[in-house]
Number of protein chains: 2
Amino acid sequence: MAPPRSTRQGLLVEEAVRGADGFRTAQDVYASLVADGARIGLTTVYRHLQRLADQGVLDVLTAADGQIAYRSCHSDGHHHHLVCRQCGMTLEIHEPSVEQWADRTAELAGFTDVTHTVEIFGTCATCRQP
Amino acid sequence: MAPPRSTRQGLLVEEAVRGADGFRTAQDVYASLVADGARIGLTTVYRHLQRLADQGVLDVLTAADGQIAYRSCHSDGHHHHLVCRQCGMTLEIHEPSVEQWADRTAELAGFTDVTHTVEIFGTCATCRQP
DNA sequence: ACCGAAATGAAAACGGTTTTCATTCTCAAA
DNA sequence: TTTGAGAATGAAAACCGTTTTCATTTCGGT
């Protein structure tokens with residue numbers, strides 16, 4: 001399996017999502033790139049985001065409205081997110097005891113191949129100010 | 001604000017989702033009702049599911065693919081789900097220490113109006129058998 | 001029974017996402 | 001440097017879950 005080719009568009013997409021401090025949808029990334037004068041197609045944005053997610057470079061979060069958002073992973077391995085509802089600013093959080101709880105709970109119920117999601121939403125200090 | 005009128009369709013939808021043991025999408029519920037010979041429109045199914053969710057009768061889960069699924073609440077108050085990926089069978093789980101962890105984590109980061117989701121997915125014992 | 005208005009449902013519309021296919025571009029070989 | 005295979009691109013079309021629209025039906029009060 002040959003590595004994907006390095007393209008102008010691939011770099012643009014990766015830079016855009018690495019430069020963001022929270023989750024961004026494909027539409028967000030596309031709009032941002034176009035606003036900066038980039039020549040890129042929406043489809044290409046989707047493709048690159050998906051490739052980066054497949055490669056583990058990006059985290060994926062499906063929001064309550066069904067839209068899929070991506071964020072650059074700032075830390076290796078399994079983690080969760082604390083997301084500001086207003087600005088999207090996101091912190092990564094780790095808590096081994098929660099991992100253990102999730103795994104144990106599933107095991108006690110007879111489940112295998114266990115995965116879990118934990119997302120915390122709120123209003124951050126910056127957005128809380130009037 | 002008057003209560004919604006009692007209709008044949010409203011009852012059908014509520015019965016259908018109460019009779020299911022896991023999360024079901026509007027499409028699922030619609031297909032199931034139609035297969036049983038019910039005369040009902042897809043739009044009406046969507047409306048009733050949304051109403052029931054708004055009333056707190058149903059839990060809502062947005063799956064990774066963006067589809068929104070509903071399940072009848074078997075217990076009051078805040079809880080999480082352990083969901084079989086194959087058959088959709090769902091258990092409700094409670095863990096106060098996880099609630100406390102989530103709230104404390106957000107508070108330490110300066111967040112207010114905090115909510116969280118915890119979903120655990122796996123393959124249940126029944127589905128695991130060959 | 002009548003009637004206002006809530007509810008219904010099929011068609012149309014919406015919008016995020018994916019597929020299609022002609023064209024462009026990358027990169028390895030010569 | 002040139003060439004060319006095939007990967008990548010991008011606009012249009014298609015997909016599909018979901019929502020809106022509006023004519024019609026139904027509920028429930030009088």
Side-chain angles (χ1 to χ4, degrees), chain A residues 1-17 20 22-55 57-71 83 85 88, chain B residues 1-17 20 22-55 57-71 83 85 88:
Chain A
M1 183 65 76
R5 297 180 176 191
S6 177
T7 64
R8 174 178 63 83
Q9 294 87 342
L11 290 176
L12 281 177
V13 171
E14 189 163 357
E15 282 164 13
V17 73
F23 280 92
R24 295 290 185 271
T25 64
Q27 301 285 344
D28 293 334
V29 173
Y30 175 71
S32 166
L33 287 173
V34 169
D36 288 350
R39 285 173 297 109
I40 191 165
L42 176 58
T43 313
T44 301
V45 173
Y46 272 103
R47 288 187 182 119
H48 283 290
L49 291 174
Q50 186 59 56
R51 171 182 57 82
L52 291 165
D54 291 343
Q55 288 173 358
V57 178
L58 301 184
D59 280 330
V60 184
L61 171 64
T62 305
D65 68 1
Q67 283 193 64
I68 301 174
Y70 303 88
R71 180 176 176 276
V83 183
R85 284 197 201 86
Chain B
M1 182 66 77
R5 297 183 174 187
S6 176
T7 64
R8 173 176 65 83
Q9 293 89 340
L11 292 175
L12 281 178
V13 171
E14 190 163 358
E15 283 164 12
V17 74
F23 279 92
R24 296 289 186 272
T25 63
Q27 301 284 347
D28 292 335
V29 173
Y30 175 70
S32 166
L33 287 173
V34 168
D36 290 348
R39 284 172 299 108
I40 191 165
L42 176 57
T43 314
T44 300
V45 173
Y46 272 103
R47 287 188 182 120
H48 281 289
L49 290 174
Q50 185 58 58
R51 173 181 56 83
L52 291 165
D54 291 343
Q55 289 173 357
V57 177
L58 301 184
D59 280 332
V60 183
L61 171 66
T62 304
D65 68 0
Q67 284 193 62
I68 301 175
Y70 303 87
R71 180 176 178 274
V83 182
R85 284 195 201 88

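- Counting heavy atoms from C-beta on, the side chains of Asp59(B) and Phe23(B) come closer than 4.5 Å.
- In this entry the distance linking CG of Leu49(B) with C1' of dT19(D) reads 14 Å, nearest Å.
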List, one per line, each side-chain donor-acceptor pair under 3.5 Å for residues 61-68 of chain A, sequence neighbours excluded.
residue, atom, partner, partner atom, Å
Thr62(A), OG1, Ala64(B), O, 3.0
Asp65(A), OD1, Gln67(A), N, 2.9
Asp65(A), OD2, Gln67(A), NE2, 3.4

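- For the pair Gln50(B) CD and dT8(C) P, the computed distance is 14 Å after rounding to whole Å.
- Closest heavy-atom contact between Arg39(B) and Gln9(B): O-CG, 4.4 Å.
- Taking side-chain N and O atoms only, Thr43(B) has no distance below 4.0 Å to OP1 or OP2 of dG9(C).
- Rounded to whole Å, the distance from CD1 on Ile68(A) to C1' on dC16(D) is 13 Å.
- Not a single donor-acceptor contact under 3.5 angstrom links the side-chain atoms of Arg51(B) to the base of dT8(C).
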task: Verify side-chain contact (heavy atoms from CB on, under 4.5 Å) between Arg51(B) and Gln55(B), making sure each step is shown before the conclusion.
output: CA-CA 6 Å; Arg51(B) 173 181 56 83; Gln55(B) 289 173 357; 3.5 Å; yes
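- Tyr46(A) places a side-chain heavy atom less than 4.5 Å from the side chain of Gln27(A).
- Mapping Arg47(B) and Arg47(A) onto DNA chain C by nearest heavy atom places Arg47(B) closer to the 5' end of the strand.
- Look at Tyr46(A) and you won't find any side-chain N or O under 4.0 angstrom from OP1 or OP2 of dT18(C).
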Check nucleotides 26-30 of chain D for protein N or O atoms closer than 3.5 Å to its own N or O atoms and list the pairs.
residue, atom, partner, partner atom, Å
dC27(D), O2, Arg5(B), NH1, 2.4
dG28(D), OP1, Ser6(B), N, 3.1

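- Counting non-hydrogen atoms under 4.0 angstrom, Leu42(B) reaches a base of the nucleic acid.
- Residue order along DNA chain D, read from the 5' end via each residue's closest nucleotide, puts Val45(A) first among Tyr70(B) and Val45(A).
- Between Gln67(A) atom CD and dT19(D) atom P there is a gap of 13 Å when expressed in whole angstrom units.
- When all heavy atoms are compared, the tightest approach of Gly88(B) to Val83(B) is O-CG1, 4.2 Å.
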- prompt: Given Thr7(B) and His48(B), is the side-chain contact (heavy atoms from CB on, under 4.5 Å) satisfied, shown in steps?
  reply: CA-CA 10 Å; Thr7(B) 64; His48(B) 281 289; 4.0 Å; yes
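- Listed pair His48(B) / dT8(C) meets the phosphate criterion, a side-chain N or O lying under 4.0 Å from OP1 or OP2.
- Checking each of Leu58(B), Asp28(B), Val45(B) against Val17(B) for a side-chain contact (heavy atoms from CB on, under 4.5 Å) leaves exactly one that passes, namely Leu58(B).
- DNA chain C lies under 4.0 Å from at least one heavy atom of each of the following residues of residues 27-36 of chain A: Gln27(A).
- Atom CD1 of Ile40(B) and atom P of dT24(D) are 21 Å apart (whole Å).
- Counting only heavy atoms from C-beta outward, the side chains of Ile40(B) and Val13(B) approach each other to under 4.5 Å.
- In this structure, Leu12(B) atom CG and dG9(C) atom C1' are separated by 14 Å, rounded to whole Å.
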